[in-house]
Structure formats: C-alpha cells, structure tokens
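In what follows, a structure is listed as structure tokens, so that the remarks can point back to it.
Because only heavy atoms are used, hydrogens play no part in the values below, and waters and symmetry mates are left out as well, while side chains stay in. Keep in mind that this is a model prediction, so the values were computed, not measured.
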Amino acid sequence: MNTLRGIHHVTAITSSAEKNYAFFTNILGMRLVKKTVNQDDIQTYHLFFADDRGSAGTDITFFDFPGIPKAVTGTNEIFKTGLRVPSDEALVYWVKRFDKYNITHSGIYEQFGRKVIDFQDFDEQLYQLVSDEADTGVAPGIPWQKGPVPNEYGIRGLGPIFVRIADFNFYRQVLETVLGFRHADSVGETHLFEVGEGGNGGRMIVEHNATLGQAQQGFGSVHHMAFRVKDRKELEEWIAHMGSYRFPISGYVDRFYFESLYANIAQGILLEFATDGPGFIDDEEPYETLGERLALPPKFRNNREEIEGLVRQFDTVRSTKTFEKEYLD
C-alpha cells in the first residue's frame, strides 16, 4: 500500500469567522479559497485558507460553531499548527510583521534543524512558522500572489503538526506500525516523526505529556488533522487498512472538494485521510474569485436560500481590491 503523501490540511475552531478571515487575509496573507458551511452542521461556516491555488497540503480550515466555549489546553490534543515560509530571511520579516500588528510571538529559535517562530491569534490558537531553508521533502505551494505579504516571504503551505499525548508508547506504535511514519529524532520528551517524502510538509512533532489534564476542544483549538492520499483507489485501500485494525472509522465520505476517511487513532486525536483532488477551483468558482461567495457542494445547492439565512453574511470579495505588498524596514 502506498504511504501517506504528507499533510493535507488542518481544521481548527474559531470564535469568529469574520475575525478569522481578517487575521488570515490581512496579517498572514493567506488566500481564502473557499467560504462554505460545515457539511455536517450547515449553520456553521467552514473557511479554507491556502496557497494561491488552494493546493493540497497548504490549507488550514476553520469552523465557527455557534456558542462553543473556549478550549481548555491539556494533553491528548493536536495543539499547534505549522505554516511554511521560504527561508530564514523570511522569518526575520515575520518578526517585524508580528511586531507591527502586535501579534504575540516567540521570536526566532531552532527546532529539529529548522528555524521557527511560534505565534498565536486572537483566540490564543497556537501556530508556528517554519523555514524551508534546508527543506528537501514534500514540495511547498505558492504564496498568495495578490496578498499583502511580499511573495518571497509568503506562507506557502502547512508545516509540522504538533500533538501532545499521554500514552506515547501506544501513539508511537500507531504512527509507525499503522500509518507508516518514521521516528526521525528526539529531544527529551519531544519526538519528531516523518511520513512520505518527509520534510516540513510531512512532519509530526509529538510531545509526551502525562502530567497535564485532558484537553477540551473549543474555540482556539484544533478539531482534526488530515493527511494526503492520491485518489479514490488509495483512499479505499486506507479504509480497508484502518478497518482491519478496528479503529473507529467513518467509512467513505465525499466532501466534493476532496474525498475522505475519518479515524479516531488515539484519545482526543481525530485523523482524516483526504484525496489530493478534485480541489477548490470548480463549477461554482474560477481561480480569479475563489472564496468570494458562499460556495455549496451540489447536494446543498437546492437549499441555498435556507442556508444563507442560517449563516451571518460578511464580505470576502478581494478581486476588486488591491493589496499593497508590505515591505518592512
């Protein structure tokens, strides 16, 4: 069976779709490639931010569940999301950018051979920028060409996903035996795993922590992580494979923009297997206007009026606007 091809996407929870859109568009300079609804809860927005074309392996997505409480940090959770930038020089730019916009950050430091910056958003959701300076693994995407961040410094995909787990031995066995990850390095109780071609786009960093209490999902936390499979054929192989280990699985799920399988692989850890296509450029939205209207998969389109009445309307039109590239001294 073919190995996983790297990270596909990460889905998190926000307290505000509007603030989330402003943060990712104006501060991080990522492109909103799809504004749709949670297909399992149509009163909830589902926003997809990605590279210039919405390539697999570049998108971080958000739900804004109405009335959900703030997350409680702990163990047994996906607790931080990595985002790739082209170089060490880009990180210097991002320190200046974060300072300009009063974004809480760590400054530049080194982790597992990469220079990185940790930062957080308005919900205290945790992220890390990671430099691709020495990266030779999974290929990156293309930064949003018309966004406010200079292209040579722009975010171009997902970097390592960070997991905190109490039963590390069990989780390691799942990663290596079931999912095909390789243990690449360790520093104390923090462990680096890679899958597929490896590198920043195929990394998971796992912290063994049996001291903290159980994490509780809410706004400011990650809902699930997804890894790439090539197509429906590979997805069906993974459905059979995960079922043979008796993990709780969803079976085949058609999300229209990609096809999926969901599996609970450990306490608090929901994993998705997602196909690289079809992608976000579709019959509703061409490349030029991605994310500018409420997009609906075909099975929901007869209910557009009802759905539009359930979600708050907010403006995401960018094709008529010009973002000046912000070079900072």
Side-chain angles (χ1 to χ4, degrees), residues 6-14 20 23-24 27-30 49-51 57-62 71 73 75 77-99 101-135 137-138 140-141 143 149 153-165 181 184-195 198-209 215 220-227 269:
I7 304 163
H8 188 282
H9 68 268
V10 171
T11 294
I13 305 170
T14 181
N20 181 247
F23 183 80
F24 271 81
I27 307 299
L28 296 189
M30 293 184 70
F49 301 92
D51 77 342
T58 71
D59 53 309
I60 180 167
T61 90
F62 289 86
T73 299
T75 196
E77 68 168 339
I78 306 160
F79 73 94
K80 185 164 56 178
T81 303
L83 299 167
R84 302 170 68 175
V85 296
S87 64
D88 295 352
E89 180 185 355
L91 292 181
V92 176
Y93 169 85
W94 279 97
V95 167
K96 296 174 184 177
R97 188 169 185 84
F98 289 154
D99 287 344
Y101 289 102
N102 297 313
I103 304 301
T104 300
H105 68 89
S106 65
I108 299 170
Y109 68 99
E110 189 165 314
Q111 183 177 52
F112 291 120
R114 304 288 194 271
K115 289 188 176 180
V116 301
I117 304 172
D118 294 333
F119 68 100
Q120 62 186 40
D121 68 9
F122 55 92
D123 284 331
E124 299 181 325
Q125 181 107 223
L126 300 179
Y127 308 90
Q128 182 183 92
L129 291 182
V130 57
S131 169
D132 275 344
E133 182 94 7
D135 196 79
V138 176
V149 176
Y153 303 139
I155 292 170
R156 58 182 192 165
L158 290 175
I161 299 173
F162 293 77
V163 171
R164 189 180 289 124
I165 201 80
F181 278 78
D185 202 357
S186 295
V187 176
E189 293 297 311
T190 302
H191 305 264
L192 171 65
F193 293 87
E194 293 192 339
V195 74
N200 289 334
R203 285 186 159 192
M204 187 185 301
I205 295 176
V206 181
E207 175 191 321
H208 178 207
N209 192 314
S221 69
V222 171
H223 186 272
H224 66 269
M225 58 182 168
F227 283 85
I269 309 298

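- Checked against salt bridge (Lys or Arg N to Asp or Glu O under 4.0 Å), E124 has the following partners two or more places apart in sequence or in another chain: K70.
- With sequence neighbours excluded, the residues forming a side-chain contact (heavy atoms from CB on, under 4.5 Å) with I161 are I7, V10, I78, M225, F227, listed by chain and number.
- With sequence neighbours left out, R164 forms a salt bridge (Lys or Arg N to Asp or Glu O under 4.0 Å) with E77, E207.
- Remark: F112 pairs with no residue by the ring pair (Phe, Tyr, Trp, His ring centres under 6.0 Å) rule, at least two apart or across chains.
- Applying the ring pair (Phe, Tyr, Trp, His ring centres under 6.0 Å) criterion to F122, with sequence neighbours excluded, gives no partner residue.
- With sequence neighbours excluded, the residues satisfying side-chain contact (heavy atoms from CB on, under 4.5 Å) with E189 are H208.
- H9 is linked by a ring pair (Phe, Tyr, Trp, His ring centres under 6.0 Å) to H224, F258, counting only residues two or more places apart in sequence or in another chain.
- Partners of D185 according to the side-chain hydrogen bond (donor to acceptor under 3.5 Å, both in side chains) rule, which considers only residues two or more places apart in sequence or in another chain, do not exist here.
- With sequence neighbours excluded, no residue satisfies salt bridge (Lys or Arg N to Asp or Glu O under 4.0 Å) with D123.
- Remark: S106 pairs with Y109, I117, D118 by the side-chain contact (heavy atoms from CB on, under 4.5 Å) rule, at least two apart or across chains.
- Under the salt bridge (Lys or Arg N to Asp or Glu O under 4.0 Å) criterion, D121 pairs with no residue, sequence neighbours left out.
- In this structure V130 satisfies the side-chain contact (heavy atoms from CB on, under 4.5 Å) test together with R84, R114, V116, Q128, P160, N200, sequence neighbours excluded.
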